[in-house]
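For reference, the structure discussed in these notes is given below.
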Amino acid sequence: MRSLSLSAKTMRKSSLMNHRVKRPSAPAAAKGPRRIIIFNKPFDVLPQFTDEAGRGTLKDFIPVADVYAAGRLDRDSEGLMVLTNDGPLQARLTQPGKRTGKIYFVQVEGDPSDDDLRPLRNGVLLKDGPTLPAQVARVQEPEWLWPRNPPIRERKAIPTRWLKITLFEGRNRQVRRMTAHIGFPTLRLIRFAMGPLQLQDLAPGEWRDITDACSL
């Protein structure tokens, strides 16, 4: 009987260990000296260093090892990417709980009014839940804007409008889904800033090491 009792206790202990909830791991420590790189990702480039299909990746532009993207930027989007080996910095820029603002310049099909944009400022209900309120403003085409290759497909009978949108979270294709939700599809999307880090004067495909200048 004692043997059976010990066996049962062992089974219960083993079951508790197997079902123990794993806590999120802390950001990984930097490998080697701290590196922070900003990059202006061109259109049609994947936000990763490898691709089995042979498509354009970060490796085609950035010859730096052991840095990783802080967040994603879709293949059909352009603009700022931050690459670093600093785990806490990655977390600060990307984790939803940090509420770090990310600024996008977005060209949409149509000319939305302030009433049209109000739902974005209040938060809209997407398939994966309600969004946080965003800051949205109608703006002119940015003076620093570069031509996209290939150009966007515009319909002559339909106007377009540039918006400046600041998000405080980062879901998959969130800006595009939000503008489509209110009836104004995104034609072009450029990320300009992540927190205090900005695109600066980088041309598409250019990168810069800002480690020494970054106080984050």
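Throughout, numbering of the chain's residues begins at 1 and tracks the sequence. Note: hydrogens, waters and symmetry copies are ignored here, and every other heavy atom, side chains too, is used.
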From CZ (F168) to CG (L132), nearest 0.5 Å:
9.0 Å
Strictly below 4.0 Å, N to O, side chains only: are R177 and D128 in salt-bridge contact?
yes
Check the pair F105, L145 against side chain to side chain contact (heavy atoms under 4.5 Å, CB included), reporting the backbone distance first and the verdict last.
CA-CA 10 Å; F105 284 88; L145 188 67; over 6 Å; no
Once side chain to side chain donor-acceptor pair (under 3.5 Å) is applied, what residue pairs with a partner in residues 130-139 remain, sequence neighbours excluded?
D111-R138
Is there a path of hydrophobic side-chain contacts, each under 4.5 Å between heavy atoms, that joins I210 and L93?
yes
Return the set of residues passing side-chain contact (heavy atoms from CB on, under 4.5 Å) with D76 (not counting sequence neighbours), or none when no residue passes.
F43, D74, R173, R176
Apply side chain to side chain contact (heavy atoms under 4.5 Å, CB included) to residues M194 and L80 and explain how you reach the verdict.
CA-CA 8 Å; M194 297 180 70; L80 178 67; 4.0 Å; yes
Which atoms form the tightest heavy-atom contact between F49 and K59, and what is the distance?
O-CB, 3.4 Å
Please tell me if the side chains of T179 and I165 come closer than 4.5 Å, counting only heavy atoms from C-beta onward.
yes
Gap separating the CD atom of E206 from the CG atom of N40, nearest 0.5 angstrom:
8.0 Å
Can you tell me how the ring of F39 sits relative to the ring of F61, calling it parallel under 30°, perpendicular over 60° and tilted otherwise?
tilted
Student check: side-chain heavy atoms of R75 and D44 closer than 4.5 Å:
yes
Group every Ile, Leu, Val, Met, Phe, Trp and Tyr by side-chain heavy-atom contacts under 4.5 Å, then state whether L199 and W162 land in the same group.
yes
T211 side chain near P33 side chain, heavy-atom distance below 4.5 Å:
no
Partners passing side-chain contact (heavy atoms from CB on, under 4.5 Å) against P47 (at least two apart in sequence or in another chain):
R72, M81
Answer yes or no: is there a side-chain heavy-atom contact under 4.5 Å between L167 and V175?
yes
Distance-minimising heavy-atom pair for T50 and T57:
C-CG2, 3.9 Å
Grab the two heavy atoms, one from V45 and one from L58, that are nearest each other, plus how far apart they are.
CG1-N, 4.3 Å
So L163 and L117, do their side chains get closer than 4.5 Å, heavy atoms only?
yes
To the nearest 0.5 Å, tell me how far E169 CD sits from Q95 CD.
14.5 Å
Looking at every heavy atom in both I38 and Q198, which two are closest together, and how far apart are they?
CD1-O, 3.7 Å
Looking at side-chain heavy atoms only, is the closest gap between L187 and T160 below 4.5 Å?
yes
Between T94 (side chain only) and Q90 (backbone N and O only), is there a donor and an acceptor less than 3.5 Å apart?
yes
Tell me, do I62 and L83 make a side-chain contact under 4.5 Å, heavy atoms counted?
yes
Spacing of I37 atom CD1 and D209 atom CG [to the nearest 0.5 Å]
5.0 Å
Hphob cluster co-occupancy, V67 + L46, side-chain heavy atoms under 4.5 angstrom:
no
Here the pair of heavy atoms bringing R35 nearest to N85 is N-OD1, 2.8 Å
Would you indicate whether the side-chain heavy atoms of F184 and V106 approach each other to under 4.5 Å?
no
Tell me whether E78 is salt-bridged to K41, with the criterion being a basic N under 4.0 Å from an acidic carboxylate O.
no
Main-chain N/O of D86 paired to T84 side chain as donor or acceptor, under 3.5 Å
yes
May I ask whether V136 and L126 are part of the same hydrophobic cluster, defined by side-chain heavy atoms of I, L, V, M, F, W, Y residues being less than 4.5 angstrom apart, directly or through others?
yes
Same apolar cluster: I182 and V108, side chain cutoff 4.5 Å:
yes
Taken to the nearest 0.5 Å, the spacing of I152 CD1 from L189 CG works out to 12.0 Å
Applying side chain to side chain contact (heavy atoms under 4.5 Å, CB included) to I190 and S77, what does each step give before you reach the verdict?
CA-CA 6 Å; I190 300 166; S77 298; over 6 Å; no
Which pair of heavy atoms, one from Q140 and one from R161, lies closest together, and at what distance?
NE2-NH1, 3.9 Å
Can you tell me how far OH of Y104 sits from CD of Q174, rounded to the nearest 0.5 angstrom?
8.0 Å
D212 atom CG, over 12 foreign heavy atoms within 6.0 Å
no
Flag, side chain of R155 to backbone of A157, donor-acceptor distance under 3.5 Å
no
